[in-house]
Amino acid sequence: MSGEGFGRDTVLLVVDVQNDFCPGGALPVAEGDAIIPVINAWMPCFSTVVASRDWHPVRSVHFEKWPPHCIAGTFGAQFRAGLDTDRFSLVLDKGTGDADDGYSAFEATSEDFERWLREQEVHTLYVCGIATDYCVLQTVLDARRLGFEVRVLRDAVAAVEVHAGDGERALQEMQAAGAVLVTGQPPECGS
Ligand code: VGL
Ligand code: ZN
């Protein structure tokens, strides 16, 4: 695939790489910044890159479990500087209601993501981003339930780890659901 990248039936989904999930944010994930160059390096391999963002109202049942974060329109909800957002073809806002968590990108309210993927004849999702044990996990499980092939970029995901080991357990759960874990650097895909 040298120089070419994947076909149009394969997209990269970048989950929630937002300020509040990175060091200094409201719900920081230790490796949040470290995965950004890895994600950027994978982008040229895909003709389509989709990003999700956690996009919460000020009041939500979600904030009974979590410190307030990623309030729609605030700095904390912005994509992290350094992430190559110019390559995003579609941005999915999720967690926008006040009565649910909206962990999965398939719960986006800005777009019917499943329908969009089927219209584009996408069969395979490469998934990366934050957090391995919440939004990445629920997105991957939904994708598998809906019949999409899923590859998880092992070196481009980062976990919250409310309990030590949650990230690894989440990866095992994804594998058990039929997702394939991909380790290492992206292939040479040009720019
Ligand atoms: C997430 C906790 C709360 C995530 C979102 O993006 O994984 N985690 N809200
Ligand atoms: Zn959230």
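None of the values given here were measured: they were computed from a predicted structure. Atoms within a ligand are numbered from 1 in the order they appear, just like the ligands themselves.
- If you look at V136 next to ligand 1, there are no close heavy atoms at all, none under 4.0 Å.
- The closest approach between any non-hydrogen atom of V160 and ligand 1 is not below 4.0 Å.
- The existence of a salt bridge linking R59 and D98 is excluded, since no basic side-chain nitrogen approaches an acidic carboxylate oxygen closer than 4.0 Å.
- Listed for the S110 side chain is a donor-acceptor partner under 3.5 Å among the backbone atoms of D93.
- For D155 (side chain) and G184 (main-chain N/O), a donor-acceptor pair under 3.5 Å exists by modelled atom type.
- Counting protein heavy atoms only, atom 5 (C) of ligand 1 is closest to D54 OD2, 3.1 Å.
- The shortest N/O to N/O separation between D16 and ligand 1 falls below 3.5 Å.
- Between H69 atom NE2 and H56 atom NE2, the angle centred on the Zn ion (ligand 2) amounts to 100° (nearest 10°).
- For atom 3 (C) of ligand 1, the nearest non-hydrogen atom from the set K94, H62, Q138 comes from H62.
- Side-chain N or O atoms of D16 include none that pairs as donor or acceptor with a backbone N or O of C135 at under 3.5 Å.
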I would like to know whether W66 and Y134 meet ring pair (Phe, Tyr, Trp, His ring centres under 6.0 Å); could you show each step before the answer?
CA-CA 12 Å; W66 301 103; Y134 291 92; 4.8 Å; yes

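- At a 3.5 angstrom cut-off on N or O pairs, W66 does not count as close to ligand 1.
- Rounded to 10°, the angle formed at the Zn ion (ligand 2) by D54 OD2 and H62 NE2 is 170°.
- At a heavy-atom cutoff of 4.0 Å, ligand 1 is contacted by no atom of K65, backbone or side chain.
- Remark: minimum distance from atom 8 (N) of ligand 1 to any protein heavy atom is reached at Y134 CB, 3.7 Å.
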Verify ring pair (Phe, Tyr, Trp, His ring centres under 6.0 Å) between H69 and F21, making sure each step is shown before the conclusion.
CA-CA 8 Å; H69 61 273; F21 295 126; 5.5 Å; yes

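- The residue among A26, P67, C135 with a heavy atom at the shortest distance from atom 4 (C) of ligand 1 is C135.
- Of all the atoms in ligand 1, the ones that sit under 4.0 Å from a non-hydrogen atom of A131 are 4 (C), 6 (O), 7 (O).
- At distances below 3.5 Å, at least one donor-acceptor pair connects side-chain atoms of Q18 with backbone N or O atoms of A77.
- Formation of a donor-acceptor pair under 3.5 Å by the S60 side chain with backbone atoms of P57 is not found in this model.
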